[in-house]
Protein chains: 2
Amino acid sequence: MNRIKEIPLFSKLSDKNVKRLEAISYFKKYNTDEILFYEGEKPGILHVLIDGVLKLYKTNAKGQEIYIHQFVPPALVGELANFENMKFPATAKFVIKGEVLKIDFTKLEKDFFKNPEICMEIIKSLTKKVKILSNVIHQEMILTSEAKIAKFIVEHPNLFKTVKNIQIAAILNVSPETLSRTLTKLKKEKYITIDKEYNVTILNKVAITALYK
Amino acid sequence: MNRIKEIPLFSKLSDKNVKRLEAISYFKKYNTDEILFYEGEKPGILHVLIDGVLKLYKTNAKGQEIYIHQFVPPALVGELANFENMKFPATAKFVIKGEVLKIDFTKLEKDFFKNPEICMEIIKSLTKKVKILSNVIHQEMILTSEAKIAKFIVEHPNLFKTVKNIQIAAILNVSPETLSRTLTKLKKEKYITIDKEYNVTILNKVAITALYK
DNA sequence: CGTGAAATTGACTAAGTTCAATGGCGGTGG
DNA sequence: CCACCGCCATTGAACTTAGTCAATTTCACG
């Protein structure tokens, strides 16, 4: 069984190339809360997330975690730092234990990327990332707290059932107090209702959508 | 003279492919303050900046321009929206009049991107973009106004001579008042001096760097 | 010089965070 | 079975950061 071939990014690789890749890579498992890499670290290894959930965040001057994104497999992680020979711009921590394929980037010859199939996969990954970052910028620089929360409610109404408000607040980079206050405000204005089981029902979709569109 | 061949992105194209590209593209000049595209618009055209300076910004609920980046040639602009078939996430306006090559993206066959040289150029462009957005996020979500200004002083001390403070404030997404106040504060603390000709001299590099590192 | 834009300064406002107190609720152990 | 404990949610009040508004000064340039 060859696990590398199962990774979409490398599924179209020739056997010869798979061998080359195997020689310079290895799999490693991580437990929840383990750090894959820290912001500011120099890479040298290209990471491919195979299993688990990986949270990407930055740390501000007060030491608080600023949420950026969560990766689910399969995902190329931190490739920018490798390609550009720069430090990791954020920290990656496992929220749910998982596994990564670690590739020695320095040994990865450039002609590897000449393979059109690989190129396309990298383009896809980078495109995804530009999109993610673009959304982060929109969410954090353009939307107010209320708008962020309204958007989250419309896009993930079900998450309130499974995820504690304190964690939703963290994902939205908003204090739990602000989330609480905003939810009560939206309830008062009859835009939503929330029952005992944290089922969120949107009563006035037009109005709530208008808050962020 | 073939202008397409002069564009780095396409310099390695075969004559045949250049012909194909010519058939589905054209050059267009823009004056200062003209808009190349608006945030929210659907693309359909792939833009390559050939000449001039293009400012990318988003607009918040109050109608204010939130500065993202300025492009100088050569640059692929707004390709994300094309690749992902989504709306432009920001507005692009010419700050200095210029010219773009406009390519009909719908007619651009996918096999065009199979060309490894083109692929590499696209990867380069996307990488650059991830880096830009990553910096924007750092600047706007992690740094305080003071830190942003300190960083700008260290990285571009000479710009104060040529660019008005009001424009620097716009680039930093800070009000002119905040910039003014912060500069006087830094002068009071003897971190910098600014003479009549707007020459900024850093007196205490360690201290000023510590404000954002 | 005079004029208009830019810079400065002070007072106020807005948005959201922080801090602290309180209340609810579920799980646990006697 | 119930009392207790700890976590989470809620609420009010103070605080912080930066933006806004307005008045004044400075400055470049015709």
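Numbered from 1 within each chain, the chains take letters A, B, ... in sequence-line order.
Side-chain atoms of B/Lys93 never come within 3.5 Å of backbone atoms of B/Leu56 as a donor-acceptor pair (strictly under, hydrogens ignored). Proximity of a side-chain donor or acceptor of B/Glu155 to a complementary backbone N or O of B/Phe152 within less than 3.5 Å is not detected. In this structure, B/Thr91 contributes its side chain and B/Lys58 its backbone to no donor-acceptor pair below 3.5 Å. Without hydrogens or angle criteria, B/Gln167 side chain to B/Lys164 main chain gives a donor-acceptor distance under 3.5 Å.
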Compile the donor-acceptor pairs under 3.5 Å between side chains in residues 174-182 of chain B and protein atoms, sequence neighbours left out, one pair per line.
| residue | atom | partner | partner atom | Å |
| --- | --- | --- | --- | --- |
| B/Ser175 | OG | B/Thr178 | N | 3.2 |
| B/Ser175 | OG | B/Thr178 | OG1 | 3.0 |
| B/Thr182 | OG1 | B/Thr178 | O | 2.7 |

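Between B/Lys62 atom NZ and C/dT13 atom C1' there is a gap of 10 Å when expressed in whole angstrom units. Here C/dA6 presents its C1' atom at 15 Å from CZ of B/Phe160, a figure rounded to the nearest Å. For the pair B/Leu186 CG and C/dA7 P, the interatomic distance rounds to 16 Å; values are reported in whole Å.
Listed in residue order, the members of residues 176-183 of chain A having a heavy atom less than 4.0 Å from DNA chain D are A/Glu177, A/Ser180, A/Arg181. Contacts of residues 161-173 of chain A with DNA chain D (heavy atom under 4.0 Å): A/Lys164, A/Asn165, A/Ile166. For the contact set between residues 187-199 of chain A and DNA chain C, defined by any heavy atom under 4.0 Å, the members are A/Lys196. Applying a 4.0 Å cut-off to non-hydrogen atoms, none of the residues of residues 145-159 of chain B approaches DNA chain C.
Within the 6.0 Å centre-distance limit, the rings of A/Tyr30 and A/Phe94 are counted as a close aromatic pair. Between B/Phe88 and B/Phe37, the distance separating the two ring centers is shorter than 6.0 angstrom.
Minimum heavy-atom separation, A/Lys42 to A/Asn85: NZ-O, 3.6 Å. In terms of heavy-atom proximity, A/Leu203 sits nearest to A/Thr193 at CD1-CG2, 3.5 Å.
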Trace of the side-chain contact (heavy atoms from CB on, under 4.5 Å) decision for A/Ile45 with A/Tyr26:
CA-CA 11 Å; A/Ile45 284 180; A/Tyr26 61 97; 4.1 Å; yes

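Under the 30°/60° scheme for interplanar angles, the aromatic rings of B/Phe71 and B/His69 are found to stand perpendicular.
Ion pairing between a basic and an acidic side chain is recognised when a charged N comes within 4.0 Å of a carboxylate O; B/Lys55 and B/Glu65 show such pairing.
Taking NE2 of A/His47 as the start and NZ of A/Lys28 as the end, the distance is 9.5 Å to the nearest 0.5 Å.
On the nucleic acid side, DNA chain D contacts chain A at distances under 4.0 Å to non-hydrogen atoms, with the end points of that region at D/dC8 to D/dA13.
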